[in-house]
There are 2 protein chains.
Amino acid sequence: MNNATILVIDDEVQIRKLLQITLESNDYKVIQASTAKEGMITTASHPPDLILLDLGLPDDSGHHVLQQLRAWYTKPIIILSVQSSEEDIVKALDNGANDYLVKPFRTGELLARIRSAIRGNLSEENDPVIDCGSLQIDLLARIVKKNNEIIKLTTTEYTLLCMLVKNEGKVLTHHYLLREVWGPGYINQSQYLRVFIAQLRKKIEDDANRPVHIVTESGVGYRFTAT
Amino acid sequence: MNNATILVIDDEVQIRKLLQITLESNDYKVIQASTAKEGMITTASHPPDLILLDLGLPDDSGHHVLQQLRAWYTKPIIILSVQSSEEDIVKALDNGANDYLVKPFRTGELLARIRSAIRGNLSEENDPVIDCGSLQIDLLARIVKKNNEIIKLTTTEYTLLCMLVKNEGKVLTHHYLLREVWGPGYINQSQYLRVFIAQLRKKIEDDANRPVHIVTESGVGYRFTAT
DNA sequence: TTTTCTTTATAAAATCTTTATACAGCCGGG
DNA sequence: CCCGGCTGTATAAAGATTTTATAAAGAAAA
(Lines give C-alpha, C1' and ligand atoms only; values in the text may rest on other atoms or scores of the structure.)
Protein backbone atom coordinates (compact mmCIF):
# COMPACT_ATOMS: atom_id res chain seq x y z
CA MET A 1 0.00 0.00 0.00
CA ASN A 2 2.35 2.59 1.32
CA ASN A 3 5.77 1.18 0.68
CA ALA A 4 7.67 4.35 1.49
CA THR A 5 11.06 3.45 2.96
CA ILE A 6 11.99 5.05 6.27
CA LEU A 7 15.49 4.99 7.72
CA VAL A 8 15.72 5.10 11.50
CA ILE A 9 19.05 6.40 12.83
CA ASP A 10 19.11 5.85 16.60
CA ASP A 11 21.54 4.17 18.97
CA GLU A 12 18.89 2.88 21.41
CA VAL A 13 17.80 -0.56 20.36
CA GLN A 14 14.47 -0.28 22.18
CA ILE A 15 13.54 2.83 20.23
CA ARG A 16 14.52 1.20 16.97
CA LYS A 17 12.42 -1.86 17.76
CA LEU A 18 9.44 0.29 18.76
CA LEU A 19 9.69 2.39 15.64
CA GLN A 20 10.12 -0.65 13.43
CA ILE A 21 6.97 -2.28 14.79
CA THR A 22 4.98 0.95 14.66
CA LEU A 23 6.08 1.89 11.17
CA GLU A 24 5.85 -1.58 9.66
CA SER A 25 2.31 -1.99 10.97
CA ASN A 26 1.55 1.16 8.98
CA ASP A 27 2.96 -0.31 5.79
CA TYR A 28 6.28 1.50 5.77
CA LYS A 29 9.45 -0.34 4.89
CA VAL A 30 11.97 0.22 7.68
CA ILE A 31 15.74 0.16 7.59
CA GLN A 32 17.93 0.93 10.58
CA ALA A 33 21.26 2.39 11.58
CA SER A 34 22.69 2.69 15.07
CA THR A 35 25.52 5.15 14.51
CA ALA A 36 26.07 8.39 12.59
CA LYS A 37 28.54 6.72 10.30
CA GLU A 38 26.30 3.78 9.56
CA GLY A 39 23.43 6.20 8.95
CA MET A 40 25.41 8.18 6.39
CA ILE A 41 26.49 5.04 4.55
CA THR A 42 23.02 3.53 4.54
CA THR A 43 21.49 6.76 3.31
CA ALA A 44 23.99 6.84 0.48
CA SER A 45 23.63 3.20 -0.52
CA HIS A 46 19.84 2.90 -0.12
CA PRO A 47 18.36 6.42 -0.17
CA PRO A 48 15.15 6.24 1.89
CA ASP A 49 12.03 8.32 1.38
CA LEU A 50 12.31 9.78 4.87
CA ILE A 51 14.82 9.74 7.71
CA LEU A 52 14.07 9.66 11.43
CA LEU A 53 17.24 10.99 13.06
CA ASP A 54 18.13 10.91 16.72
CA LEU A 55 20.33 13.84 17.72
CA GLY A 56 22.10 11.94 20.50
CA LEU A 57 24.28 9.59 18.54
CA PRO A 58 27.39 8.11 20.15
CA ASP A 59 29.95 8.76 17.41
CA ASP A 60 29.04 12.22 16.07
CA SER A 61 26.92 15.28 16.77
CA GLY A 62 23.44 14.87 15.38
CA HIS A 63 23.52 18.43 14.08
CA HIS A 64 26.65 17.62 12.12
CA VAL A 65 25.08 14.49 10.66
CA LEU A 66 22.09 16.57 9.61
CA GLN A 67 24.30 19.10 7.84
CA GLN A 68 26.23 16.35 6.09
CA LEU A 69 23.05 14.67 4.92
CA ARG A 70 21.50 17.91 3.72
CA ALA A 71 24.50 18.51 1.48
CA TRP A 72 22.79 16.18 -0.97
CA TYR A 73 19.79 14.43 0.58
CA THR A 74 16.63 16.35 -0.32
CA LYS A 75 13.80 14.24 1.10
CA PRO A 76 12.27 14.79 4.56
CA ILE A 77 14.31 14.42 7.73
CA ILE A 78 12.45 14.37 11.06
CA ILE A 79 14.47 14.79 14.24
CA LEU A 80 13.70 12.68 17.31
CA SER A 81 15.53 13.90 20.38
CA VAL A 82 15.42 13.97 24.15
CA GLN A 83 16.75 17.52 23.89
CA SER A 84 13.84 19.91 24.17
CA SER A 85 15.80 23.18 24.35
CA GLU A 86 14.74 25.88 21.94
CA GLU A 87 18.36 26.23 20.81
CA ASP A 88 18.52 22.63 19.61
CA ILE A 89 15.16 22.82 17.90
CA VAL A 90 15.94 26.06 16.07
CA LYS A 91 19.37 24.82 15.03
CA ALA A 92 18.03 21.54 13.69
CA LEU A 93 15.20 23.18 11.76
CA ASP A 94 17.54 25.77 10.28
CA ASN A 95 19.96 23.04 9.29
CA GLY A 96 17.27 21.58 7.09
CA ALA A 97 15.23 19.30 9.36
CA ASN A 98 11.58 19.18 8.35
CA ASP A 99 10.27 18.53 11.83
CA TYR A 100 11.42 18.00 15.41
CA LEU A 101 9.79 15.74 17.98
CA VAL A 102 10.84 15.58 21.60
CA LYS A 103 11.17 12.13 23.14
CA PRO A 104 9.13 10.54 24.48
CA PHE A 105 6.82 11.11 21.56
CA ARG A 106 3.28 9.98 20.88
CA THR A 107 3.27 7.39 18.10
CA GLY A 108 0.05 8.70 16.60
CA GLU A 109 1.53 12.18 16.33
CA LEU A 110 4.76 10.82 14.87
CA LEU A 111 2.83 8.93 12.22
CA ALA A 112 0.78 12.01 11.40
CA ARG A 113 3.93 14.13 11.10
CA ILE A 114 5.51 11.49 8.88
CA ARG A 115 2.42 11.52 6.66
CA SER A 116 2.55 15.30 6.56
CA ALA A 117 6.23 15.37 5.65
CA ILE A 118 5.89 12.74 2.93
CA ARG A 119 2.76 14.42 1.57
CA GLY A 120 4.57 17.74 1.27
CA ASN A 121 7.36 16.08 -0.63
CA LEU A 122 5.21 14.08 -3.00
CA SER A 123 5.02 16.70 -5.71
CA GLU A 124 8.68 16.45 -6.59
CA GLU A 125 8.73 12.69 -6.68
CA ASN A 126 11.21 12.02 -9.43
CA ASP A 127 14.92 12.21 -8.82
CA PRO A 128 16.44 15.51 -9.79
CA VAL A 129 18.70 14.49 -12.62
CA ILE A 130 20.91 17.21 -13.97
CA ASP A 131 21.68 16.68 -17.59
CA CYS A 132 24.55 18.53 -19.21
CA GLY A 133 25.00 16.93 -22.58
CA SER A 134 27.36 14.04 -22.05
CA LEU A 135 27.29 14.46 -18.28
CA GLN A 136 24.41 13.32 -16.08
CA ILE A 137 24.17 13.77 -12.33
CA ASP A 138 21.52 12.16 -10.13
CA LEU A 139 21.89 13.88 -6.78
CA LEU A 140 19.61 11.55 -4.87
CA ALA A 141 20.88 8.27 -6.27
CA ARG A 142 24.43 9.63 -5.97
CA ILE A 143 25.25 8.54 -9.48
CA VAL A 144 27.34 10.49 -11.95
CA LYS A 145 27.44 9.31 -15.53
CA LYS A 146 29.53 10.47 -18.45
CA ASN A 147 28.68 9.09 -21.88
CA ASN A 148 26.36 6.69 -20.04
CA GLU A 149 29.19 5.23 -18.04
CA ILE A 150 29.14 5.48 -14.26
CA ILE A 151 32.00 7.52 -12.87
CA LYS A 152 33.43 6.56 -9.52
CA LEU A 153 33.74 9.52 -7.22
CA THR A 154 35.15 9.53 -3.71
CA THR A 155 33.07 10.96 -0.86
CA THR A 156 34.83 14.30 -0.85
CA GLU A 157 34.72 14.59 -4.62
CA TYR A 158 31.01 13.85 -4.62
CA THR A 159 30.20 16.34 -1.86
CA LEU A 160 32.16 19.03 -3.66
CA LEU A 161 30.45 18.29 -6.95
CA CYS A 162 27.06 18.42 -5.20
CA MET A 163 27.74 21.87 -3.83
CA LEU A 164 28.71 23.11 -7.26
CA VAL A 165 25.81 21.45 -9.06
CA LYS A 166 23.18 22.57 -6.56
CA ASN A 167 24.29 26.14 -7.14
CA GLU A 168 24.63 25.81 -10.86
CA GLY A 169 25.52 29.09 -12.50
CA LYS A 170 26.52 30.81 -9.31
CA VAL A 171 30.08 31.56 -8.34
CA LEU A 172 30.95 29.81 -5.09
CA THR A 173 33.83 31.30 -3.17
CA HIS A 174 36.78 29.29 -1.91
CA HIS A 175 35.75 29.99 1.66
CA TYR A 176 32.21 28.83 1.08
CA LEU A 177 33.21 25.58 -0.56
CA LEU A 178 35.86 24.82 2.03
CA ARG A 179 33.43 25.50 4.85
CA GLU A 180 30.65 23.39 3.37
CA VAL A 181 32.76 20.45 2.26
CA TRP A 182 35.59 20.26 4.80
CA GLY A 183 34.21 22.29 7.71
CA PRO A 184 34.69 25.74 9.22
CA GLY A 185 38.25 25.00 10.34
CA TYR A 186 39.52 24.56 6.80
CA ILE A 187 38.60 27.86 5.19
CA ASN A 188 42.24 28.71 4.57
CA GLN A 189 43.24 25.39 3.01
CA SER A 190 42.64 26.58 -0.56
CA GLN A 191 45.07 23.96 -1.71
CA TYR A 192 42.70 21.10 -0.79
CA LEU A 193 40.11 22.70 -2.99
CA ARG A 194 42.49 23.03 -5.93
CA VAL A 195 43.56 19.43 -5.66
CA PHE A 196 40.00 18.13 -5.63
CA ILE A 197 38.82 20.48 -8.37
CA ALA A 198 41.61 19.14 -10.54
CA GLN A 199 40.58 15.56 -9.77
CA LEU A 200 36.93 16.31 -10.53
CA ARG A 201 37.88 17.90 -13.81
CA LYS A 202 39.94 14.90 -14.80
CA LYS A 203 36.89 12.73 -14.18
CA ILE A 204 33.99 14.73 -15.57
CA GLU A 205 35.41 17.11 -18.16
CA ASP A 206 35.99 15.99 -21.74
CA ASP A 207 39.22 17.95 -21.75
CA ALA A 208 40.55 18.70 -18.30
CA ASN A 209 42.77 21.41 -19.74
CA ARG A 210 39.79 23.21 -21.21
CA PRO A 211 37.14 22.83 -18.50
CA VAL A 212 33.58 23.55 -19.61
CA HIS A 213 31.56 22.60 -16.53
CA ILE A 214 33.79 23.57 -13.66
CA VAL A 215 34.94 27.08 -14.45
CA THR A 216 37.45 28.90 -12.28
CA GLU A 217 36.80 32.49 -11.35
CA SER A 218 40.28 33.61 -10.51
CA GLY A 219 40.63 35.21 -7.12
CA VAL A 220 37.06 34.33 -6.17
CA GLY A 221 36.13 30.68 -6.55
CA TYR A 222 34.55 28.21 -8.92
CA ARG A 223 31.32 27.94 -10.85
CA PHE A 224 29.43 25.02 -12.37
CA THR A 225 27.81 25.43 -15.77
CA ALA A 226 25.34 22.86 -17.03
CA THR A 227 25.24 23.73 -20.69
CA MET B 1 14.71 41.28 2.46
CA ASN B 2 12.29 38.58 3.46
CA ASN B 3 8.96 40.07 2.53
CA ALA B 4 6.96 36.88 2.77
CA THR B 5 3.40 37.69 3.79
CA ILE B 6 1.98 35.83 6.79
CA LEU B 7 -1.71 35.77 7.71
CA VAL B 8 -2.49 35.38 11.42
CA ILE B 9 -5.96 34.00 12.14
CA ASP B 10 -6.60 34.24 15.89
CA ASP B 11 -9.35 35.71 17.99
CA GLU B 12 -7.14 36.79 20.91
CA VAL B 13 -5.94 40.31 20.30
CA GLN B 14 -2.91 39.88 22.58
CA ILE B 15 -1.67 36.91 20.55
CA ARG B 16 -2.17 38.81 17.31
CA LYS B 17 -0.22 41.80 18.63
CA LEU B 18 2.58 39.58 19.90
CA LEU B 19 2.81 37.73 16.60
CA GLN B 20 2.68 40.92 14.61
CA ILE B 21 5.59 42.42 16.54
CA THR B 22 7.61 39.20 16.44
CA LEU B 23 7.05 38.56 12.76
CA GLU B 24 7.49 42.13 11.57
CA SER B 25 10.77 42.43 13.41
CA ASN B 26 11.85 39.43 11.33
CA ASP B 27 10.97 41.17 8.07
CA TYR B 28 7.71 39.39 7.41
CA LYS B 29 4.68 41.28 6.24
CA VAL B 30 1.77 40.53 8.57
CA ILE B 31 -1.97 40.61 7.93
CA GLN B 32 -4.56 39.64 10.50
CA ALA B 33 -7.97 38.09 10.89
CA SER B 34 -9.89 37.53 14.11
CA THR B 35 -12.59 35.12 12.96
CA ALA B 36 -12.84 32.08 10.72
CA LYS B 37 -14.97 33.97 8.24
CA GLU B 38 -12.62 36.92 8.09
CA GLY B 39 -9.70 34.52 7.72
CA MET B 40 -11.24 32.78 4.74
CA ILE B 41 -12.07 36.04 3.01
CA THR B 42 -8.64 37.53 3.60
CA THR B 43 -6.91 34.39 2.36
CA ALA B 44 -8.96 34.55 -0.81
CA SER B 45 -8.50 38.26 -1.45
CA HIS B 46 -4.81 38.54 -0.46
CA PRO B 47 -3.32 35.04 -0.58
CA PRO B 48 -0.47 35.01 1.93
CA ASP B 49 2.73 32.96 1.71
CA LEU B 50 1.91 31.22 4.99
CA ILE B 51 -1.00 31.04 7.44
CA LEU B 52 -0.80 30.82 11.22
CA LEU B 53 -4.15 29.37 12.26
CA ASP B 54 -5.58 29.16 15.76
CA LEU B 55 -7.89 26.19 16.21
CA GLY B 56 -10.06 27.86 18.84
CA LEU B 57 -11.99 30.38 16.79
CA PRO B 58 -15.32 31.72 18.02
CA ASP B 59 -17.41 31.33 14.89
CA ASP B 60 -16.30 28.00 13.48
CA SER B 61 -14.27 24.88 14.26
CA GLY B 62 -10.63 25.34 13.42
CA HIS B 63 -10.48 21.90 11.82
CA HIS B 64 -13.31 22.89 9.54
CA VAL B 65 -11.54 26.12 8.56
CA LEU B 66 -8.42 24.11 7.79
CA GLN B 67 -10.33 21.75 5.52
CA GLN B 68 -12.00 24.66 3.75
CA LEU B 69 -8.66 26.38 3.18
CA ARG B 70 -6.96 23.24 1.95
CA ALA B 71 -9.61 22.85 -0.70
CA TRP B 72 -7.64 25.36 -2.71
CA TYR B 73 -4.86 26.97 -0.66
CA THR B 74 -1.58 25.07 -1.20
CA LYS B 75 0.98 27.10 0.73
CA PRO B 76 2.03 26.24 4.29
CA ILE B 77 -0.45 26.37 7.16
CA ILE B 78 0.88 26.16 10.72
CA ILE B 79 -1.57 25.48 13.54
CA LEU B 80 -1.27 27.34 16.85
CA SER B 81 -3.54 25.89 19.50
CA VAL B 82 -4.00 25.49 23.22
CA GLN B 83 -5.24 21.98 22.48
CA SER B 84 -2.42 19.54 23.00
CA SER B 85 -4.35 16.31 22.63
CA GLU B 86 -2.96 13.79 20.20
CA GLU B 87 -6.35 13.55 18.55
CA ASP B 88 -6.33 17.25 17.63
CA ILE B 89 -2.76 17.18 16.40
CA VAL B 90 -3.24 14.10 14.22
CA LYS B 91 -6.49 15.44 12.83
CA ALA B 92 -4.99 18.81 11.97
CA LEU B 93 -1.90 17.32 10.32
CA ASP B 94 -4.01 14.86 8.33
CA ASN B 95 -6.25 17.69 7.26
CA GLY B 96 -3.28 19.30 5.58
CA ALA B 97 -1.61 21.39 8.26
CA ASN B 98 2.15 21.55 7.78
CA ASP B 99 2.94 21.91 11.46
CA TYR B 100 1.27 22.16 14.86
CA LEU B 101 2.49 24.20 17.80
CA VAL B 102 0.93 24.07 21.23
CA LYS B 103 0.34 27.40 22.98
CA PRO B 104 2.13 28.86 24.75
CA PHE B 105 4.84 28.51 22.14
CA ARG B 106 8.44 29.69 22.07
CA THR B 107 8.85 32.48 19.55
CA GLY B 108 12.28 31.29 18.41
CA GLU B 109 10.89 27.87 17.65
CA LEU B 110 7.89 29.34 15.86
CA LEU B 111 10.17 31.44 13.68
CA ALA B 112 12.34 28.42 12.90
CA ARG B 113 9.29 26.35 11.98
CA ILE B 114 8.03 29.17 9.78
CA ARG B 115 11.42 29.33 8.04
CA SER B 116 11.35 25.56 7.59
CA ALA B 117 7.84 25.60 6.14
CA ILE B 118 8.58 28.44 3.75
CA ARG B 119 11.90 26.91 2.73
CA GLY B 120 10.22 23.66 1.74
CA ASN B 121 7.70 25.55 -0.31
CA LEU B 122 9.84 28.02 -2.16
CA SER B 123 9.93 27.47 -5.87
CA GLU B 124 12.75 28.17 -8.27
CA GLU B 125 13.53 31.70 -7.24
CA ASN B 126 16.15 33.38 -9.29
CA ASP B 127 18.35 36.23 -8.30
CA PRO B 128 17.63 39.89 -8.85
CA VAL B 129 19.22 40.78 -12.15
CA ILE B 130 20.11 44.28 -13.18
CA ASP B 131 19.22 44.65 -16.82
CA CYS B 132 20.66 47.37 -19.03
CA GLY B 133 19.60 46.39 -22.50
CA SER B 134 22.24 44.04 -23.82
CA LEU B 135 24.06 44.02 -20.48
CA GLN B 136 22.87 41.94 -17.53
CA ILE B 137 24.39 41.80 -14.08
CA ASP B 138 23.52 39.20 -11.46
CA LEU B 139 25.03 40.56 -8.29
CA LEU B 140 24.32 37.46 -6.18
CA ALA B 141 25.71 34.92 -8.60
CA ARG B 142 28.51 37.34 -9.49
CA ILE B 143 27.86 36.96 -13.17
CA VAL B 144 27.90 39.58 -15.92
CA LYS B 145 26.40 38.78 -19.29
CA LYS B 146 26.49 40.67 -22.56
CA ASN B 147 24.16 39.46 -25.30
CA ASN B 148 23.55 36.42 -23.08
CA GLU B 149 27.21 35.50 -23.07
CA ILE B 150 29.11 35.36 -19.82
CA ILE B 151 31.86 37.93 -19.60
CA LYS B 152 34.91 37.06 -17.55
CA LEU B 153 35.77 39.86 -15.16
CA THR B 154 38.65 39.92 -12.71
CA THR B 155 38.01 40.69 -9.05
CA THR B 156 38.99 44.34 -9.34
CA GLU B 157 37.05 44.83 -12.55
CA TYR B 158 33.96 43.31 -11.00
CA THR B 159 34.19 45.37 -7.82
CA LEU B 160 34.60 48.52 -9.85
CA LEU B 161 31.67 47.68 -12.11
CA CYS B 162 29.53 46.94 -9.06
CA MET B 163 30.26 50.35 -7.57
CA LEU B 164 29.26 52.02 -10.81
CA VAL B 165 26.16 49.93 -11.39
CA LYS B 166 24.88 50.25 -7.83
CA ASN B 167 25.04 54.02 -8.23
CA GLU B 168 23.61 54.03 -11.71
CA GLY B 169 23.14 57.56 -13.03
CA LYS B 170 25.26 59.19 -10.38
CA VAL B 171 28.70 60.58 -10.99
CA LEU B 172 31.28 58.85 -8.83
CA THR B 173 34.45 60.83 -8.20
CA HIS B 174 37.92 59.41 -8.75
CA HIS B 175 38.62 59.64 -5.05
CA TYR B 176 35.45 57.79 -4.15
CA LEU B 177 36.03 54.93 -6.56
CA LEU B 178 39.67 54.58 -5.61
CA ARG B 179 38.81 54.52 -1.93
CA GLU B 180 36.00 51.99 -2.33
CA VAL B 181 37.74 49.63 -4.72
CA TRP B 182 41.42 49.84 -3.79
CA GLY B 183 41.29 51.29 -0.29
CA PRO B 184 41.91 54.61 1.43
CA GLY B 185 45.64 54.56 0.69
CA TYR B 186 45.14 54.69 -3.08
CA ILE B 187 43.09 57.86 -3.54
CA ASN B 188 45.85 59.48 -5.58
CA GLN B 189 46.45 56.58 -7.96
CA SER B 190 44.08 57.91 -10.62
CA GLN B 191 46.06 55.91 -13.14
CA TYR B 192 44.81 52.59 -11.73
CA LEU B 193 41.29 53.78 -12.27
CA ARG B 194 41.93 54.80 -15.86
CA VAL B 195 43.54 51.47 -16.64
CA PHE B 196 40.63 49.48 -15.24
CA ILE B 197 37.96 51.72 -16.73
CA ALA B 198 39.57 51.12 -20.11
CA GLN B 199 39.57 47.35 -19.53
CA LEU B 200 35.93 47.38 -18.45
CA ARG B 201 34.94 49.36 -21.52
CA LYS B 202 36.70 46.89 -23.76
CA LYS B 203 34.69 44.11 -22.16
CA ILE B 204 31.20 45.55 -21.76
CA GLU B 205 30.85 48.33 -24.32
CA ASP B 206 29.82 47.59 -27.87
CA ASP B 207 32.32 50.17 -29.06
CA ALA B 208 35.00 50.96 -26.51
CA ASN B 209 35.84 54.17 -28.34
CA ARG B 210 32.29 55.43 -28.02
CA PRO B 211 31.32 54.32 -24.52
CA VAL B 212 27.60 54.30 -23.74
CA HIS B 213 27.48 52.73 -20.28
CA ILE B 214 30.61 54.00 -18.63
CA VAL B 215 30.70 57.73 -19.31
CA THR B 216 33.62 59.90 -18.24
CA GLU B 217 32.83 63.19 -16.53
CA SER B 218 36.01 65.08 -17.23
CA GLY B 219 37.74 66.41 -14.18
CA VAL B 220 35.25 64.71 -11.84
CA GLY B 221 34.89 60.97 -12.32
CA TYR B 222 32.77 58.37 -14.07
CA ARG B 223 29.10 57.60 -14.38
CA PHE B 224 27.20 54.45 -15.30
CA THR B 225 24.09 54.66 -17.44
CA ALA B 226 21.78 51.69 -17.81
CA THR B 227 20.02 52.51 -21.04
C1' DT C 1 46.45 -3.94 0.62
C1' DT C 2 44.17 -0.62 -1.72
C1' DT C 3 41.86 3.45 -1.75
C1' DT C 4 41.36 8.02 -0.35
C1' DC C 5 42.87 12.14 1.77
C1' DT C 6 46.40 15.40 3.14
C1' DT C 7 50.45 17.82 2.35
C1' DT C 8 54.36 19.63 -0.25
C1' DA C 9 56.57 21.27 -4.37
C1' DT C 10 56.86 23.55 -8.69
C1' DA C 11 55.51 25.27 -13.15
C1' DA C 12 52.13 27.88 -15.50
C1' DA C 13 48.57 31.24 -15.89
C1' DA C 14 46.10 35.16 -14.60
C1' DT C 15 45.95 39.45 -12.51
C1' DC C 16 47.59 43.72 -10.74
C1' DT C 17 50.86 47.42 -10.74
C1' DT C 18 53.69 50.48 -12.95
C1' DT C 19 55.67 52.92 -16.74
C1' DA C 20 55.41 54.77 -21.26
C1' DT C 21 53.28 57.00 -25.00
C1' DA C 22 49.59 59.35 -27.49
C1' DC C 23 45.69 62.28 -28.05
C1' DA C 24 42.38 66.03 -27.35
C1' DG C 25 40.89 70.29 -25.52
C1' DC C 26 42.01 74.68 -23.36
C1' DC C 27 44.36 79.00 -22.56
C1' DG C 28 47.44 82.84 -23.34
C1' DG C 29 51.25 85.04 -25.87
C1' DG C 30 53.24 85.98 -30.08
C1' DC D 1 44.92 83.45 -35.83
C1' DC D 2 48.10 79.77 -34.56
C1' DC D 3 51.29 77.51 -31.78
C1' DG D 4 53.34 75.41 -27.60
C1' DG D 5 52.71 74.21 -22.97
C1' DC D 6 49.42 72.53 -19.79
C1' DT D 7 45.92 69.43 -17.95
C1' DG D 8 43.20 65.56 -18.14
C1' DT D 9 42.47 61.39 -20.45
C1' DA D 10 42.95 56.75 -23.05
C1' DT D 11 45.41 52.78 -24.12
C1' DA D 12 49.25 49.53 -24.64
C1' DA D 13 52.59 46.89 -22.76
C1' DA D 14 56.34 45.40 -19.57
C1' DG D 15 57.36 43.76 -14.99
C1' DA D 16 55.94 42.09 -10.44
C1' DT D 17 52.92 39.61 -7.78
C1' DT D 18 49.36 36.61 -6.79
C1' DT D 19 46.67 32.77 -7.86
C1' DT D 20 46.04 28.40 -9.93
C1' DA D 21 46.97 23.65 -11.96
C1' DT D 22 49.03 19.45 -11.49
C1' DA D 23 51.96 15.83 -10.03
C1' DA D 24 53.56 13.18 -6.55
C1' DA D 25 54.84 11.61 -1.98
C1' DG D 26 53.46 10.63 2.69
C1' DA D 27 49.56 9.69 6.06
C1' DA D 28 45.29 7.90 7.15
C1' DA D 29 41.38 5.18 6.45
C1' DA D 30 38.69 1.36 4.47
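All values derive from a computational prediction rather than experimental measurement. So you know, we letter chains A, B, ... as the sequences are listed, proteins then strands, and number each from 1.
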Under a 3.5 Å threshold, yes or no: a donor from one side chain and an acceptor from the other, between Ser34(A) and Glu38(A)?
yes
Residues Asp49(A), Lys29(A): salt bridge by 4.0 Å N-O rule
no
Distance-only donor-acceptor test, Gln191(A) side-chain atoms vs dT22(D) base atoms, 3.5 Å
yes
Contact class for Tyr222(A) (heavy atom, under 4.0 Å): base, sugar-phosphate, or nothing?
sugar-phosphate
4.5 Å side-chain heavy-atom contact, Leu193(B) and Trp182(B):
yes
Look at all strands and tell whether Lys37(A) reaches a base, only sugar-phosphate, or nothing, counting heavy atoms closer than 4.0 Å.
sugar-phosphate
Side-chain N or O of Lys202(A) versus OP1/OP2 of dA23(D): is the shortest distance under 4.0 Å?
yes
Ile214(A) CD1 to dT22(D) P, straight-line distance once rounded to whole Å:
11 Å
Can you tell me how far P of dA21(D) sits from CG of Asp207(A), to the nearest Å?
14 Å
Between Glu180(A) and Lys166(A), does any side-chain N to carboxylate O distance fall below 4.0 Å?
no
Between atom CZ in Arg210(A) and atom P in dA13(C), what is the gap in whole Å?
11 Å
Contact class for Ser190(B) vs. all strands (heavy atom < 4.0 Å): base, sugar-phosphate, or nothing?
nothing
Separation of Phe196(B) atom CZ from dT11(D) atom C1', in whole Å?
14 Å
Closer than 4.0 Å, any side-chain N/O of Asn209(B) to the OP1 or OP2 of dT11(D)?
yes
Minimum-distance nucleotide (side-chain atoms of Arg194(A) versus dT20(D), dT9(D), dA23(D))
dT20(D)
For His63(A) and Gln67(A), does a side-chain donor sit closer than 3.5 Å to a side-chain acceptor?
no
Using atom CD of Glu157(B) as one end and atom P of dT18(D) as the other, report the distance to the nearest whole Å.
18 Å
Any side-chain N or O of His174(A) less than 4.0 Å from the OP1 or OP2 oxygen of dT20(D)?
yes
For dG8(D), does either OP1 or OP2 sit under 4.0 Å from a side-chain N or O belonging to Ser218(B)?
no
If you compare every side-chain N and O of Arg201(A) against the phosphate oxygens of dA21(D) (OP1, OP2), does one of them come in below 4.0 Å?
yes
Less than 4.0 angstrom between a side-chain N/O of Trp182(A) and OP1 or OP2 of dC5(C), yes or no?
no
Is any side-chain N or O of Thr156(A) closer than 4.0 Å to OP1 or OP2 of dT4(C)?
no
Leu178(A) has an atom CG; how far is it from atom C1' of dT20(D), in whole Å?
14 Å
Can you check the Gln199(B) CD to dT17(C) C1' distance for me, whole Å?
11 Å
How many whole angstroms separate atom CD of Gln189(B) from atom P of dT17(C)?
9 Å
